[in-house]
Protein chains: 2
Amino acid sequence: MEKRVRLTREEAKARTRRALLDAAAAVFSEHGFHGASIDMVAEAAGYTKGAVYAHFANKDELYLALLDEHLSAEGPPPIGLLEGGAAIDAIAAQIEETLPQELERMRDWGRLTYEFVLHAMRDDGVRARLAERFHRACDDYAGSLERRAVARGESSPSDLRQRAVALMAFENGLSLLGFIAPELLEGGVYSATLARLLER
Amino acid sequence: MEKRVRLTREEAKARTRRALLDAAAAVFSEHGFHGASIDMVAEAAGYTKGAVYAHFANKDELYLALLDEHLSAEGPPPIGLLEGGAAIDAIAAQIEETLPQELERMRDWGRLTYEFVLHAMRDDGVRARLAERFHRACDDYAGSLERRAVARGESSPSDLRQRAVALMAFENGLSLLGFIAPELLEGGVYSATLARLLER
DNA sequence: GTCTATAGAACGATAGAC
DNA sequence: GTCTATCGTTCTATAGAC
């Protein structure tokens, strides 16, 4: 028998939100952004539409909440590695080793990403909300690069933001290539390019 | 009165193909890949479905033919500039100047691209056909880099292909960022990163 | 009693079937 | 071209926490 403690309102609300986000992750990943309906998400979480709209303004914001979790939870692969100030070679080795699994794991998310980018290209309001996330991701990269410089006892490069954008662009593009023509990624492109982009 | 010369069969065929491709470009760009139908393309060109299928195996191949024209006609911006062996600074200046118009001009094509990538992610046959184009584009890049080295009287770098892939990935990613958050591209990211990627 | 999270009916838009 | 099903969103009623 489970110990059933009565939940306070806030606890219940948080629990519902979690359930909705988990359900949304599963349903979106299976049916895509366009193919998934709010009803399906609600039902998968054991609620109804009303619950979804009590927690998220609309379908777009539901996806964006998912994206936020994705960005803050894992971040793109190298971001954590950078901060420690490890040598580029060490980072490169680590990256090359985990790249295939990383790409595989990203397939579902990649589909969602492109669907939503497409959606955002047609609606300027959505585009702006997604742009906020890009800016935040860029800040995270810049922060990582800065902390890396500190950890290595170097002065942080003056073109931090430029490098952050370049890294973001490169990773986005590389994941696209990886989905379509993964052979192109063999031979250490990722690590070699990372080295060039980090070079002082 | 127009001088109406009788066309040979081959000329007529080529003219029809041209008309179909032009129509496809217009219709795809207006309705997207998914939203456009073969009927719409045929009608816009003044033919019927039969004409389309006489020239292209299916909708996918019709798009791929468009992509082929796109790749060989213009190629990505810097590819022509690279070959002359101009200094990076000169290339950079040229690129930065034309970047905004370039991005604007690419909006329609970008939408088509992402739609087709998405489509390719779901169908492995299509994915493979698209991958062929990626490989060819990569070869073009590598060729450009090689000719650049020759023009500059340098020995061509040993990691030509790596650099070619890196350039492709970077440009793909940058165009995605440009669609969603163009502000991120201000401040010379493109040229500065190009310089880093070309560096010996 | 008050407030709010959720259920579920209602509405307008849109796409697909026929 | 019409009809139907479906979906995103809005609105209202209600049950339960405070």
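Heavy atoms only: backbone and side chains are in, while hydrogens, waters and symmetry mates are out.
- As rounded to whole Å, 12 Å separates atom P of C:dT14 from atom NE2 of A:H34.
- Closest contact between the side chain of A:T8 and the listed nucleotides C:dA10, C:dA7, D:dC18 involves D:dC18.
- Scanning atom types as modelled, one donor and one acceptor separated by under 3.5 angstrom connect the side chain of A:K49 and the base of D:dT9.
- Side-chain N/O atoms of A:T16 include one lying less than 4.0 angstrom from OP1 or OP2 on C:dT6.
- Note on A:A42: nothing from the nucleic acid sits closer than 4.0 angstrom, heavy atoms only.
- With distances taken from any side-chain atom of A:S37 to the nucleotides D:dC18, C:dA7, D:dC7, the minimum falls on D:dC7.
- Distance NE2 (A:H55) to P (C:dA7): 9 Å, rounded to an integer number of Å.
- Along DNA chain D, the nucleotide closest to A:G35 and the one closest to A:E10 are compared, and the more 5′ of them pairs with A:G35.
- Salt-bridge annotation for B:D22 and B:R17: absent, with no side-chain N of the basic residue lying under 4.0 Å from a carboxylate O of the acidic one.
- The ring pair (Phe, Tyr, Trp, His ring centres under 6.0 Å) with A:H70 is formed by just one residue from the set A:Y63, A:W109, A:F116; it is A:W109.
- Taking atom CG of residue A:L62 and atom P of nucleotide D:dC7, one finds them 15 Å apart after rounding to whole Å.
- Straight-line distance from the NE2 atom of A:H119 to the C1' atom of D:dC7: 13 Å, rounded to whole Å.
- Salt-bridge formation is detected for the pair B:R127/B:D124: a Lys NZ or Arg NE/NH1/NH2 atom is positioned less than 4.0 Å from an Asp or Glu carboxylate oxygen.
- Distance CZ (A:F56) to P (C:dT6): 11 Å, rounded to an integer number of Å.
- With rounding to whole Å, A:F33 atom CZ is found 10 Å from D:dG8 atom C1'.
- For A:Y53, whose side chain is taken as the heavy atoms from C-beta onward, the closest listed nucleotide among C:dA7, D:dT10, C:dT6 is D:dT10.
- In terms of position on DNA chain D, the residue among A:G50 and A:M40 whose nearest nucleotide sits closer to the 5' end is A:M40.
- In this structure, the CZ atom of A:R17 is 12 Å from the P atom of C:dT6, given to the nearest Å.
- Rounded to an integer number of Å, the gap from CD1 of A:I38 to P of D:dC11 is 16 Å.
- At distances below 3.5 Å, not a single donor-acceptor pair connects side-chain atoms of A:K49 with backbone N or O atoms of A:E43.
- Nearest heavy atoms, B:H55 versus B:L20: CD2-CD1, 3.9 Å.
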